[in-house]
**Q** 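Can you keep this structure in mind? I'll have questions shortly.
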Amino acid sequence: MDIKEFNNHQIKEKILFSKTKNGLNIYFMPKKGYTKKYAIFSTNYGSIDNKFIPIGEKDILKVPEGIAHFLEHKLFEEPKVNIFDKFSKMGADVNAFTNFTQTSYLFTSTDYFYENLELLVNFVQNPYLTDENVEKEKGIIAQEIKMYEDSPGWRVYFNLLEAMYVDHPVKIDIAGTVESINTINKELLYKSYNTFYNPSNMVLFIVGDLSFDRIMEVINKAEKEYGNLNKSIERIFDIEPNGINKKIIEERMFTASPIFHIGFKDTDLGYNGEKKVKKDIVTNIILDILIGASSSFYNELYDEGLIDTSFGGYYTGKKLYGHSIIGGQSNNPEEVYERLMELISKPVNEILKEKDFNRIKSKDLGSFLLGLNSIEFIANNFTDLYFDDFLIIDYLDLLSKVQYEDIVNRFNEHFTQENVALSIIRPLEV
């Protein structure tokens, strides 16, 4: 077995890497003395992957919205036993999630880790789909969709994405719509599975006090044979224009007070790796300086009663989309919006002080180091960064290299009034 080792001597951490005969990448971070162990098995496949050329075919296939999330639900289906019961009997907590670009299956345990690992690899690689169980699932997911549609926090977020994006499927609800999931069938699920759950498109990350030799032994025994290996996936995306779709979207729902999201759509796109991850770091530092709880902007608006402690912001994005979101509750969201526009129109050296940059950067360095004590933090961040072509073990070095000039340049490029949209959910009128 060929093993490669990635080391960061500054933080005294290492990651071991090997690959199975089918091309599945396995990464392991040893954590001596930790009682809890964590495994996360992920595919580079999410809700935005609705148009692609299936492996072994030539024509573009457009699948119903929500199919990645639907498939995540169905992989837990077994003909005779309950997967959750199997994990539970071995003392493991199992879960899964689908986001815009990733589907992951994970478990944590203290005992019987290798038995749970074998179970994880087995059920993810062996889907059991029938016409009957697919039909049954539609009702379950329809209820989930309706629940989210009734959530003001969910609606204000997806309304903002609808306002920012013209064509990109990131604006589509991850679970799809009741109408779209009703068009899903077994054949479409298998085509999606066979294309995106190919080992070359997946990664398995494990962290804990474990033996890597034993891990690889279990995985090599459990993984199934594949007919189509290491095939590149042709994903099809419409060209997204730089401008926003709508300046403002408003909706009324059952909520005690108005909630709002302000979004800045990113136009600096098209790359991965260190450059992309650095952009994420820099943008989030800017947001912390501008509107974080220690900023003068936050404290002025809080003292005036315009915002409460729910107010905050973050940047998120991938190769082909990205956005900064600032939001919270306010009885006057338009006033918050106008004050934010006034803030970003000021000279950059007035609102982004170098001393604040140094303080926030030091805080982020400390937060990351603290996060390395949490196996959940390590595992979830490893996978997200891995699909950006970046290893978590290099994150601290990259963060350390960020300079004040980086935030000035990024601010001038990203925080403009041309690429901003506003979403508001107001209480129902009585």
**Q** Taking the six-membered ring of F52, is NZ or CZ of R235 closer than 6.0 Å to its centre and within 45° of its axis?
**A**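 No.
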
**Q** Go through the steps for Q417 and I344 under the test side chain to side chain contact (heavy atoms under 4.5 Å, CB included), then give the verdict.
**A** CA-CA 8 Å; Q417 299 198 25; I344 66 169; 4.0 Å; yes

**Q** Determine, stepwise, if the pair F97 / L106 fulfils side chain to side chain contact (heavy atoms under 4.5 Å, CB included).
**A** CA-CA 9 Å; F97 65 85; L106 54 103; 3.7 Å; yes

**Q** Quick one about Y386 and D389 (side-chain donor to acceptor, distance below 3.5 Å, no hydrogens or angles considered), yes or no?
**A**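 Y386 and D389 do not have a side-chain donor-acceptor pair below 3.5 Å.
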
**Q** Using a strict threshold of under 4.0 Å (side-chain N to carboxylate O), is an ion pair present between K278 and D406?
**A** yes

**Q** Salt bridge or not for E223 and K21, using N-O below 4.0 Å?
**A** no

**Q** Could you measure the distance from the NZ atom of K58 to the CD1 atom of I53? Nearest 0.5 Å is fine.
**A** 11.0 Å

**Q** So that I can tick it off, tell me whether D209 and K37 are bridged by a salt bridge, with the cut-off set at under 4.0 angstrom between side-chain N and carboxylate O.
**A** no

**Q** If we ignore hydrogens and angles and just use 3.5 Å, is the side chain of T195 paired with the main-chain N or O of S192 as donor and acceptor?
**A** no

**Q** Consider only side-chain N and O atoms of S296 and N299, and report whether a donor and an acceptor are under 3.5 Å apart.
**A**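 Not at all, the side chains of S296 and N299 share no donor-acceptor pair under 3.5 Å.
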
**Q** For the atom pair CG (N44) and OG1 (T101), what is the distance rounded to the nearest 0.5 Å?
**A**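 With rounding to 0.5 Å, CG (N44) is 6.5 Å from OG1 (T101).
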
**Q** Just checking, any donor-acceptor pair under 3.5 angstrom between side chains of D308 and S310?
**A** yes

**Q** State plainly whether the residues K361 and D364 are in salt-bridge range, i.e. N to O under 4.0 Å.
**A** no

**Q** Side chains of D266 and Y315 only: does a donor on one sit below 3.5 Å from an acceptor on the other?
**A**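 D266 vs Y315: donor-acceptor pair found between side chains.
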
**Q** Between the side chains of K265 and E418, is the shortest nitrogen-to-carboxylate-oxygen separation below 4.0 Å, so that they form an ion pair?
**A**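 Looking at E418 and K265, the cut-off is not met.
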
**Q** Could you tell me if the ring centre of F76 sits under 6.0 Å from that of F123?
**A**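 Yes: the rings meet the under 6.0 Å criterion.
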
**Q** Would you call the rings of Y321 and F100 parallel, tilted or perpendicular, where under 30° means parallel and over 60° means perpendicular?
**A** perpendicular

**Q** Is a salt bridge present between E274 and K401, judged by a nitrogen-to-oxygen distance below 4.0 Å?
**A**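 A salt bridge is present here (some side-chain N lies under 4.0 Å from a carboxylate O).
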
**Q** Test your reading of the model: is there a side-chain donor-acceptor pair from N358 to the backbone of K355, 3.5 Å cut-off?
**A** no

**Q** Any chance the rings of F28 and F205 have centres within less than 6.0 Å?
**A**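 Distance test on ring centres: not under 6.0 Å, no.
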
**Q** Looking only at the side chains, is there a donor atom on one of S324 and H414 sitting less than 3.5 Å from an acceptor on the other?
**A** yes

**Q** Going through the checks in order, is the side chain to side chain contact (heavy atoms under 4.5 Å, CB included) test met by N159 and H261?
**A** CA-CA 9 Å; N159 284 355; H261 276 6; over 6 Å; no

**Q** Can R155 be said to sit on top of Y148's aromatic six-ring, NZ or CZ under 6.0 Å from centre and within 45° of the ring axis?
**A**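 No, cation not above the ring by the 6.0 Å, 45° rule.
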
**Q** Going by distance alone, is a donor N or O of one side chain under 3.5 Å from an acceptor N or O of the other, for Y38 and N380?
**A**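 On atom types as modelled, these side chains qualify, holding a pair under 3.5 Å.
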
**Q** Can you tell me if N198 and S200 form a side-chain donor-acceptor pair at under 3.5 Å?
**A** yes

**Q** Using a strict cut-off of less than 4.0 Å between a Lys/Arg side-chain nitrogen and an Asp/Glu carboxylate oxygen, indicate whether D388 and K319 qualify as a salt bridge.
**A** no

**Q** Validate the cation-pi geometry between K36 and Y34: distance from NZ or CZ to the six-membered ring centre under 6.0 Å, angle to the ring axis within 45°.
**A**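 Verdict for Y34: no cation-pi partner in K36.
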
**Q** Is it true that E72 and T98 share a donor-acceptor pair across their side chains at a distance under 3.5 Å?
**A**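 A pair is found: one side chain offers a donor N or O, the other an acceptor, under 3.5 Å apart.
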
**Q** Determine the interplanar angle of the Y197 and Y193 rings, folded into 0 to 90°, and report it as parallel if under 30°, tilted if 30 to 60°, perpendicular if over 60°.
**A** parallel

**Q** Working note: L161 + I172, criterion side chain to side chain contact (heavy atoms under 4.5 Å, CB included); need CA distance, chi angles, decisive distance, verdict.
**A** CA-CA 8 Å; L161 297 183; I172 298 166; over 6 Å; no

**Q** Any idea how Y395 and F390 line up, ring-wise: parallel (<30°), tilted (30 to 60°), or perpendicular (>60°)?
**A** perpendicular

**Q** For the CG atom of D131 and the NZ atom of K136, what is their distance to the nearest 0.5 Å?
**A**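 Separation between the atoms: 15.0 Å.
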
**Q** Enter the distance from D288:CG to F357:CZ here, rounded to the nearest 0.5 Å.
**A** 12.0 Å

**Q** Parallel, tilted or perpendicular: which one describes the rings of W154 and F158, with boundaries at 30° and 60°?
**A**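 If you compare the ring of W154 with that of F158, the planes turn out tilted.
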
**Q** Just by distance, with hydrogens left out, do N201 and T43 show a side-chain donor and acceptor under 3.5 Å apart?
**A** yes

**Q** Going by an N to O cut-off under 4.0 Å, is there a salt bridge joining K138 and E135?
**A**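 Salt bridge between K138 and E135, a charged N being under 4.0 Å from a carboxylate O: yes.
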
